[in-house]
Asker: 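One structure, pasted below without further comment.
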Amino acid sequence: MPELPEVEWVRRQLEPLVVSRRVVAGWGHDSPKFAQAPAAVGAEITGVARRGKYLLIGLDDARELIVHLGMTGRLRPRPEPSETDRYVRAWWRLDDGMILELRDVRRFGRVAVVEAGDHRSLPTLAALGPEPWDPSLDGDGFWRRLRSSRSRIKSQLLSQRPIAGVGNIYADEGLWRAEVHPALRSLTRRQASRLLEGVRDALEVGLANGGTTLRDYRTPDGNQGRNQSALRAYGRAGAPCERCGTLLQSRVYDARTATFCPTCQHR
DNA sequence: GGCTGGCCCTGTACGC
DNA sequence: TGCGTACAGGGCCAGC
């Protein structure tokens, strides 16, 4: 499931392949989530940016091609569209002949073509919190953002509103690092500050390791991430906490599984 | 206006 | 072996 580190790796590998290339053909699956893909045809790609888990592909006609990879989405360059692959949801042919293909088994991904900066059709993107390394975001500001909601702290992280780019993996990892219980509904300034650092640390490690590959994630060059062996909480229910040795627990809060240490992350 | 929970979607794991 | 069921989860949206 691509979160910020994984999407950033996709962005880095995609950029040199597509910038200054013109989109000469395109196709999108019938689903409204992908049907806008051909709208990019005719435009030249000016850049590949990222906001949270969204890829923002700049077009030279003042529009943006926005791609969200959902849970199983993968962007990859191909010499030709894979006509026999039933999970290809969109593709774009560039003027050098390369096909940029979006493969997404579960169809949780999304493609949109919008006026540059007009994200009204993507509510989560429109309301996205600051990037984790935004220099204007400090512990106090993060605490104020969290204080505006009474939802569980983990649900808040997943909402993308307090901070951008955190999904289930890095939320569990950040909460474990900060020793904060996922079901808390309010944090002290000190806890919020620790959580911000914990999330930043988890994302930095993930980025340095090329992302986390659990099932589907691959970079455009086909490589897997290496961060799965660096996980301290996510997916480790029943294993001993690396800090205190207590067995990690798994609970469902707001329909999302959270894995945490009941001792270090005491409620 | 904020929060909660259901839905979308399909491969995988597991039990019978 | 084959079938049925539960589960995974990001984002959206209806209902409260």
Side-chain angles (χ1 to χ4, degrees), chain A residues 1-8 10 28-36 50-56 66-75 84-90 102-112 114 119-129 132 144-175 182-187 199 202-203 206 211-218 224-225 227-228 231 233-238 248-260:
Chain A
M1 55 214 79
E3 301 181 27
L4 188 152
E6 293 76 36
V7 178
E8 176 59 23
V10 172
H29 185 275
D30 286 343
S31 158
K33 289 182 163 191
F34 306 100
Q36 289 185 32
R50 179 194 54 74
R51 269 290 278 139
K53 304 178 213 171
Y54 292 84
L55 283 167
L56 308 178
I66 298 177
V67 178
H68 192 289
L69 298 173
M71 284 191 54
T72 54
R74 180 182 168 194
L75 277 170
T84 56
D85 187 339
R86 54 195 281 241
Y87 302 120
V88 172
R89 309 303 181 191
L102 173 62
R103 184 177 196 270
D104 181 10
V105 172
R106 292 190 202 174
R107 287 200 241 168
F108 277 27
R110 176 150 187 200
V111 170
V114 301
H119 301 148
R120 285 173 296 178
S121 63
L122 300 131
T124 302
L125 176 58
L128 206 58
R144 282 195 299 275
R145 286 182 161 273
L146 295 172
R147 200 178 54 163
S148 66
S149 168
R150 291 286 296 166
S151 297
R152 290 185 179 87
I153 187 65
K154 178 157 178 186
S155 298
Q156 286 203 57
L157 290 175
L158 297 181
S159 77
Q160 309 299 304
R161 284 192 292 266
I163 193 167
V166 177
N168 215 21
I169 296 173
Y170 295 100
D172 276 357
E173 294 299 302
L175 288 162
L184 292 181
R185 291 180 186 270
S186 66
L187 301 188
V199 167
L203 291 170
T212 305
T213 297
L214 297 176
R215 296 177 189 87
D216 309 272
Y217 165 69
R218 296 284 189 286
Q224 299 190 6
N227 198 54
Q228 47 279 13
L231 298 178
Y234 180 88
R236 296 190 67 244
L248 299 181
Q249 286 185 2
S250 187
R251 290 273 170 79
V252 176
Y253 295 115
D254 304 325
R256 294 290 181 266
T257 302
T259 304
F260 59 95

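Scope of the values below: all heavy atoms of this structure, side chains included, with no hydrogens, waters or symmetry mates. Order of the sequence lines sets the chain letters (A, B, ...), proteins ahead of strands, with each chain counted from 1.
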Asker: I need the CZ-P distance between F34(A) and dG11(C), as an integer number of Å.
Answerer: 13 Å
Asker: Can you check the L158(A) CG to dC3(B) C1' distance for me, whole Å?
Answerer: 15 Å
Asker: Flag the pair Y234(A) / N168(A) as yes when at least one side-chain heavy-atom distance between them is below 4.5 Å, and no otherwise.
Answerer: yes
Asker: Would you say H68(A) reaches dG10(C)'s phosphate, i.e. side-chain N/O to OP1/OP2 under 4.0 Å?
Answerer: no
Asker: With the side chain counted from C-beta on, respond yes when K53(A) and H68(A) share a heavy-atom pair under 4.5 Å apart, and no when they do not.
Answerer: yes
Asker: Please identify which of these residues, V67(A), T124(A), V7(A), meets the side chain to side chain contact (heavy atoms under 4.5 Å, CB included) condition with Y54(A).
Answerer: T124(A)
Asker: Please report the distance, rounded to the nearest Å, between CZ in R74(A) and P in dG10(C).
Answerer: 20 Å
Asker: Could you state the NZ-P distance from K53(A) to dG9(C), rounded to the nearest angstrom?
Answerer: 11 Å
Asker: Mind telling me whether H29(A) and F34(A) have parallel, tilted or perpendicular rings, with 30° and 60° as the class edges?
Answerer: perpendicular
Asker: Could you list the residues that satisfy side chain to side chain donor-acceptor pair (under 3.5 Å) with S151(A), not counting sequence neighbours?
Answerer: S149(A)
Asker: Need one value for R161(A): base, sugar-phosphate or nothing, where a base atom within 4.0 Å counts as base even if backbone is also close, heavy atoms only.
Answerer: nothing
Asker: Starting at CZ of R107(A) and ending at C1' of dG11(C), how long is that distance when rounded to a whole Å?
Answerer: 16 Å
Asker: OP1 or OP2 of dG10(C) versus the side-chain N and O atoms of Q160(A): is any pair under 4.0 Å?
Answerer: no
Asker: When you check the phosphate oxygens OP1 and OP2 of dC12(C), does a side-chain N or O of R110(A) lie under 4.0 Å from one of them?
Answerer: yes
Asker: Residues two or more places apart in sequence or in another chain: which of them pass side chain to side chain donor-acceptor pair (under 3.5 Å) with R144(A)?
Answerer: D140(A)
Asker: OP1, OP2 of dC3(B) versus side-chain N and O of S149(A): anything below 4.0 Å?
Answerer: yes
Asker: Rounded to whole Å, how long is the line connecting atom CE of M71(A) with atom C1' of dC12(C)?
Answerer: 16 Å
Asker: Look at Y234(A) and dG9(C) and indicate whether a side-chain polar atom (N or O) is within less than 4.0 Å of OP1 or OP2.
Answerer: yes
Asker: Taking 4.0 Å as the cut-off, does a side-chain nitrogen or oxygen of S159(A) come that near to OP1 or OP2 on dG11(C)?
Answerer: no
Asker: Taking only N/O atoms, report every protein-nucleotides 4-8 of chain B pair under 3.5 Å with atom names and distance.
Answerer:
| from | atom 1 | to | atom 2 | distance (Å) |
| --- | --- | --- | --- | --- |
| dT4(B) | OP1 | R185(A) | NH1 | 3.0 |

